[in-house]
2 protein chains.
Amino acid sequence: MKNTRNDATDLSAQIASKIRDSIVEGRLIVNERLPSEAELSEQFSVSRSTVREALKRLAAQSLIRTQRGAFGGAFVNKLSYQDAYSQNITTSTLLLSMNDINIDVACEARFALERSCVPLACARRSEEQLSVMRRELHRQTSPDLSDEEWCASDVAFHRSFVDCAQNPVLSYQLTGAVEAMQPLMNMITFTARSRAKIISHHAALITSLETQDIPLAERTLGELAEYSMQLAAKVLADREKK
Amino acid sequence: MKNTRNDATDLSAQIASKIRDSIVEGRLIVNERLPSEAELSEQFSVSRSTVREALKRLAAQSLIRTQRGAFGGAFVNKLSYQDAYSQNITTSTLLLSMNDINIDVACEARFALERSCVPLACARRSEEQLSVMRRELHRQTSPDLSDEEWCASDVAFHRSFVDCAQNPVLSYQLTGAVEAMQPLMNMITFTARSRAKIISHHAALITSLETQDIPLAERTLGELAEYSMQLAAKVLADREKK
DNA sequence: GACTTTTAATTGTCTGACAAATGAAAAACA
DNA sequence: TGTTTTTCATTTGTCAGACAATTAAAAGTC
């Protein structure tokens, strides 16, 4: 079906593709054991090293895990949210950092996505997430926070906001968008004044959740998006000047 | 910094992690050439096979590409949208299929995310995307479409809807959500009647874009979400009965 | 100057070996 | 008999060395 993979590539890539298809299309199920490396090398008529390179490719995508010893081997891995998160973050971060994405485009996407969980977040927010957001808000008021720490706290704040929707699939999909912004924002120097302004928006966001005020949340996110873009634009303008 | 990776793992995994960090943190830049396998094996004091396994791991994540011949080698790869898309789709699909996700949760997330591009899509939709949507809508009216073909067309339709927002980052983030739904929806048998109903919603969606009617688009997406969940619930109920 | 051949560098693949881990079975022991 | 220890076969992890295939630069040729 999706056999766009083919001839021109390495043997190890071809073999990895074949096994990957077996997993994705369900012919190999979770926790099932693959044949041993020796058996695979016979099946595919290649050397053990080639098989191993193929298996390492799959391991890098968390599709399999391996275990040594008798009755060990390679097993189809149940992809955890944790694994999926970190893969998503790595890919999103690299995509943004390598493709000179316009920061406005990234901001626009991020806040559009975040806005998508406003109704659910307002309806379902639990004390657990709210307390994380309050904690991060408090941390943000500390004046001796470095720009990196500030951005990290910002990410934690927004991740918790997303988690308010109590939908793990939604959280997963948004993780990449929220986390990948951090390196971009890290380039901005946040003055005391700009921090104060963002903090007030964050406070409003918490209030909107507490009072389940959907319009307020949407408006606040919009303002945050706009302000982020302004700050970024200013940084770019300053850099231009030099 | 993020050195949660450590001791208990394979040498090849450790080496892959080190190189990955170098790329993610920018010490190795796009198109830069890595040392040759022989040099790397000296640097890390391991055999060439171990280095190769590490490099294959990175290649599986599209972080590097390799080229044979003199002046060949491993180069830091510029992650393309295409590569990022397919990684995202694979991960999302597996996450959903392996974690017995409640279909309601997946539907909820998908339509929440899709709703996030309604304002942008209405404002910016181009004739290009609209014609794709019309083409898929027309295809959906064909009665001899298999359930799989129907679902594939559905995915193409919604991807094009997302693309209307003209924001590649947004499209990237939503690809996983839209595509990963297909295997879940494939389990549903779409009767002529249910197809007709969905087609009418799709038609309304096209109209809402043409007339830039944001409320109509949001309402239509909501109805689609609800109807999808109904169909899924019915499938589950029928299966229970047996 | 244009074309061909050689050459050196580099990845891709293969073979064979040994180390390390590990669970099962066998042996030893109480 | 029941429990602990030892042995053992299997499998992955790592290594060393070899050769094939590819490739671009360098050298040679006309």
Side-chain angles (χ1 to χ4, degrees), chain A residues 5-20 22-23 28-78 83, chain B residues 5-20 22-23 28-78 83:
Chain A
R5 71 193 99 295
N6 44 27
D7 335 304
T9 55
D10 302 8
L11 276 178
S12 71
Q14 290 174 38
I15 292 170
S17 272
K18 284 182 189 170
I19 300 177
R20 187 181 301 113
S22 293
I23 296 174
L28 286 169
I29 61 172
V30 170
N31 290 330
E32 187 171 342
R33 182 182 177 278
L34 273 64
S36 72
E37 295 175 355
E39 287 173 290
L40 285 173
S41 67
E42 257 198 70
Q43 273 184 36
F44 291 110
S45 306
V46 296
S47 72
R48 203 185 135 210
S49 2
T50 304
V51 166
R52 280 183 64 78
E53 287 176 11
L55 292 180
K56 293 312 154 210
R57 295 178 118 108
L58 299 177
Q61 298 181 298
S62 304
L63 291 178
I64 61 169
R65 62 177 186 281
T66 53
Q67 211 171 359
R68 291 218 271 202
F71 299 78
F75 299 83
V76 178
N77 195 36
K78 173 164 169 175
D83 290 336
Chain B
R5 70 194 100 292
N6 43 26
D7 336 303
T9 54
D10 301 6
L11 277 176
S12 70
Q14 290 174 38
I15 292 170
S17 272
K18 285 182 188 167
I19 300 177
R20 187 180 302 113
S22 294
I23 295 174
L28 285 169
I29 61 171
V30 170
N31 290 329
E32 187 170 343
R33 181 182 178 278
L34 273 66
S36 71
E37 295 174 356
E39 288 175 290
L40 285 173
S41 67
E42 259 199 69
Q43 273 184 36
F44 291 108
S45 307
V46 296
S47 71
R48 202 184 137 211
S49 356
T50 303
V51 166
R52 280 184 64 78
E53 287 176 10
L55 293 180
K56 294 311 154 208
R57 295 177 118 107
L58 300 176
Q61 298 181 297
S62 305
L63 290 178
I64 61 168
R65 61 176 188 281
T66 54
Q67 213 171 356
R68 292 219 269 200
F71 298 79
F75 298 83
V76 178
N77 195 35
K78 173 165 168 173
D83 290 335

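All values derive from a computational prediction rather than experimental measurement. A note on names: the letters A, B, ... follow the listed sequences, proteins ahead of strands, and every chain is numbered from 1.
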Short question: side chain of B:R52, backbone of B:S47 - any donor-acceptor pair under 3.5 Å? no

Among D:dT14, C:dT10, D:dA25, the one nearest B:E53 by side-chain distance: D:dT14

With heavy-atom distances below 4.5 Å as the criterion, would you say the side chains of B:I29 and B:V76 are in contact? no

Nucleotide of D:dT22, C:dT15, D:dA16 approaching A:S47 most closely (side-chain heavy atoms): C:dT15

Protein-nucleotide distance (A:F71, atom CZ; C:dA25, atom C1'), rounded to Å: 9 Å

Just wondering, do B:E53 and B:D10 contact through their side chains at under 4.5 Å, heavy atoms? no

Calculate the interatomic distance between B:L55 atom CG and C:dT13 atom P; express it in whole Å. 14 Å

Are B:N77 and B:L58 side-chain neighbours, meaning at least one heavy-atom pair lies under 4.5 Å? no

Does A:R48 place a side-chain N or O at less than 4.0 Å from the phosphate oxygens OP1/OP2 of C:dC14? no

Using heavy atoms to find the nearest nucleotide of DNA chain D for A:S49 and A:A38 separately, return the residue whose nucleotide is more 5′. A:A38

Report yes if a side-chain nitrogen or oxygen of B:K56 is closer than 4.0 Å to either non-bridging phosphate oxygen (OP1 or OP2) of C:dG12; otherwise report no. yes

Candidate nucleotides D:dT12, D:dT14, C:dG23, ranked by approach to the side chain of A:T66 - the nearest: D:dT12

Integer-rounded Å distance: C:dT11 P and B:R65 CZ: 13 Å

Let's see if you can work this out: which of C:dT11, D:dG13, D:dT14 has an atom nearest to the side-chain heavy atoms of B:E37? C:dT11

Write down the distance between CZ (B:R52) and P (D:dG13), rounded to a whole number of angstrom. 17 Å

Nearest to the side chain of A:L11, which nucleotide is it out of D:dT14, C:dC14, D:dT12? C:dC14

Are A:T50 and C:dC14 close enough that a side-chain N or O sits under 4.0 Å from OP1 or OP2? yes

Judged by nearest nucleotide, the residue sitting upstream toward the 5' end of DNA chain C, B:R33 or A:G69, is B:R33

Considering only heavy side-chain atoms of B:R68, the closest of C:dG12, D:dT10, D:dT11 is C:dG12

Side chain to side chain, B:L55 and B:L34, heavy atoms closer than 4.5 Å: yes

Tell me the interatomic distance from B:D10, atom CG, to C:dA21, atom C1', rounded to whole angstroms. 12 Å

Measure CZ/A:F75 against P/C:dT22 and give the value in whole Å, please. 12 Å

